[in-house]
Amino acid sequence: MKRRFIMVAVAAMTAAFLVGCGGIGPQTVTRDRFNYNTAISNSWKQQTLLNIIKLRYADMPVFVEVASIVSGYTLEGSINLSATFASPGDTQTVGGVGKYTDRPTITYVPITGQQFNKSFMTPIPPQAILFLMQSGWPIDLIFPLTVDAVNGLRSRVSAGANLRAGDPEFYRVIFLLREIQKSGAVGMRIVKENDQKESTVMFFHQKNITPEVKAALRELRTLLGLRPGGAEITVSYGLIPGSDREIAMLTRSMLHILIEMAIQVDVPAQHVADGRTVPSRSKPDSAEEKIGQLIDIKSGSDKPENAYAAVNYKDHWFWIDDRDFRSKRTFTFLMLLFSTTESGGREGLPLVTIPAG
């Protein structure tokens with residue numbers, strides 16, 4: 001009877017082990033996909049925020065990509081059985097050994113050299129900016145971050161050698177473009193010329209628009225020096241347009257954008273007094289220039305409770321409040337810009353490989 005009991009126990013343990021081994025792969029897909037997605041997203045936000053803070057303190061920003069993630073699972077087990085029957089008593093021994101191993105291999109690649117120059121030092125192409133506009137991102141978010149000047153009208157620069165106040169007309173152009181964008185009267189397309197060279201064209205609808213939009217279009221053309229009545233306008237990179245049928249955009253690099261955000265960080269007053277960083281510039285006074293104040297990064301000695309992203313630097317916490325939707329939207333748009341400036345191929349994308357077996 002006891003021998004039979006032992007054999008039944010061994011059979012049950014063996015079956016349980018085989019079932020567990022057979023189902024380990026599928027059971028991990030949902031969990032691992034979500035967990036790695038969340039971990040990569042959070043680390044990306046923290047890295048971006050940290051580099052903004054470091055730039056404010058004249059520290060060297062370092063960007064590290066998660067190049068690949070390979071997660072392998074091993075489930076091993078063994079069962080041993082021994083039984084001894086002797087008179088007047090008997091002895092039975094049942095044993096089981098199990099082993100579960102998780103060996104994730106994560107590859108990190110620092111962005112340096114030529115890749116850094118392409119991703120962070122090269123100005124964003126005007127075509128990419130118009131594609132973002134066409135996809136639904138508001139112009140009053142895109143232009144203050146990415147455009148340094150349009151047809152000679154300059155934006156505000158808060159740091160660096162080109163420190164200056166922005167032209168009121170620049171922000172008026174943004175306001176008018178946003179009103180036209182909301183009406184659906186603006187669009188863009190790519191035109192191939194005879195030599196197969198591509199040109200980016202912005203066009204404005206002339207029919208079925210309200211008197212207010214017509215007035216905005218007239219004022220916009222006047223501010224930009226465009227020919228009245230022209231439906232299509234060529235968009236190019238530069239400071240000054242070559243004709244009255246062209247919009248010249250002097251765009252910013254990702255590094256320039258990060259520096260502009262860094263100067264808006266609310267740093268501790270003691271750090272300024274100690275010479276660790278420079279004072280913050282005064283808040284814009286005019287309604288037009290307030291368009292460019294898109295993010296609010298706070299600081300304090302205690303870890304924040306409601307943070308969208310938070311990092312600790314020089315014994316202080318810096319964060320974006322999770323209840324500040326405007327700052328969160330700006331920060332998300334910034335990380336989207338990182339994706340548009342990526343120069344690498346598919347080999348640079350995070351790869352999650354989970355053997356199922």
Side-chain angles (χ1 to χ4, degrees), residues 122-157 162 164 166-254 256-257 287-289 291-292 294 333 336-337 340-341:
T122 304
I124 300 171
Q127 184 182 98
I129 293 174
L130 294 184
F131 274 127
L132 290 168
M133 179 191 74
Q134 190 74 12
S135 65
W137 286 93
I139 289 176
D140 54 358
L141 170 63
I142 300 172
F143 272 52
L145 281 178
T146 63
V147 179
D148 199 56
V150 55
N151 279 23
L153 303 177
R154 295 178 178 271
S155 66
R156 186 187 196 202
V157 176
N162 296 324
R164 64 172 183 263
D167 296 328
E169 295 85 357
F170 175 84
Y171 297 99
R172 182 62 181 171
V173 165
I174 294 176
F175 175 81
L176 294 171
L177 278 172
R178 178 56 181 149
E179 293 301 307
I180 297 169
Q181 182 188 34
K182 288 190 291 186
S183 72
V186 63
M188 58 86 64
R189 61 192 179 95
I190 305 298
V191 177
K192 280 192 175 182
E193 301 175 0
N194 295 332
D195 57 357
Q196 299 300 310
K197 181 181 178 181
E198 290 186 348
S199 297
T200 306
V201 173
M202 179 185 290
F203 60 85
F204 298 104
H205 298 292
Q206 302 295 324
K207 298 180 180 180
N208 301 323
I209 58 177
T210 65
E212 292 78 12
V213 174
K214 288 182 179 179
L217 281 170
R218 286 194 299 268
E219 185 180 355
L220 179 67
R221 292 180 186 279
T222 300
L223 288 172
L224 296 179
L226 299 175
R227 179 182 302 182
E232 294 188 349
I233 302 163
T234 303
V235 180
S236 61
Y237 176 83
L239 178 61
I240 304 297
S243 70
D244 58 3
R245 292 193 175 192
E246 181 182 352
I247 291 179
M249 289 186 186
L250 188 65
T251 57
R252 293 172 170 172
S253 66
M254 287 303 305
H256 188 169
I257 294 171
E288 290 82 4
E289 281 197 329
I291 295 175
L294 297 172
F333 180 73
L336 179 65
L337 284 176
T340 63
T341 57

Does a side-chain heavy-atom distance below 4.5 Å link [X] with [Y]?
X    : Y    : answer
L176 : E179 : no
L177 : I139 : yes
P126 : T251 : yes
R245 : T234 : no
F204 : E232 : no
F333 : I142 : yes
V201 : I233 : no

Measuring from [X]:[atom1] to [Y]:[atom2], what's the distance to the nearest 0.5 Å?
X    : Y    : atom1 : atom2 : answer
R178 : M133 : CZ    : CE    : 11.0 Å
F170 : R156 : CZ    : CZ    : 12.5 Å
L239 : R154 : CG    : CZ    : 4.5 Å
S155 : I174 : OG    : CD1   : 7.5 Å
D148 : L153 : CG    : CG    : 12.0 Å
M249 : S236 : CE    : OG    : 9.0 Å

* side-chain contact (heavy atoms from CB on, under 4.5 Å) partner of I129, chosen from L337, V235, I124, T200 -> I124
* To do: For P241 and A248, work out which heavy atoms get closest and say how close.
  => N-CB, 3.7 Å
Is the backbone N or O of [Y] less than 3.5 Å from a side-chain atom of [X], with the two atoms forming a donor-acceptor pair by type?
X    : Y    : result
Y171 : P144 : no
T146 : R252 : no
Q181 : P138 : no
S253 : P123 : no
N151 : L224 : yes

* Residue pair L217, I180: steps toward the side-chain contact (heavy atoms from CB on, under 4.5 Å) verdict -> CA-CA 7 Å; L217 281 170; I180 297 169; 3.5 Å; yes
* Asked: Passes side-chain contact (heavy atoms from CB on, under 4.5 Å), L294 versus D140? Steps please.
  -> CA-CA 9 Å; L294 297 172; D140 54 358; over 6 Å; no
* Asked: Run the side-chain contact (heavy atoms from CB on, under 4.5 Å) check on V173 and L220 step by step: do they pass?
  -> CA-CA 6 Å; V173 165; L220 179 67; 3.8 Å; yes
* Would you call E169 and R172 a salt bridge, taking side-chain N to carboxylate O under 4.0 Å as the test? -> no
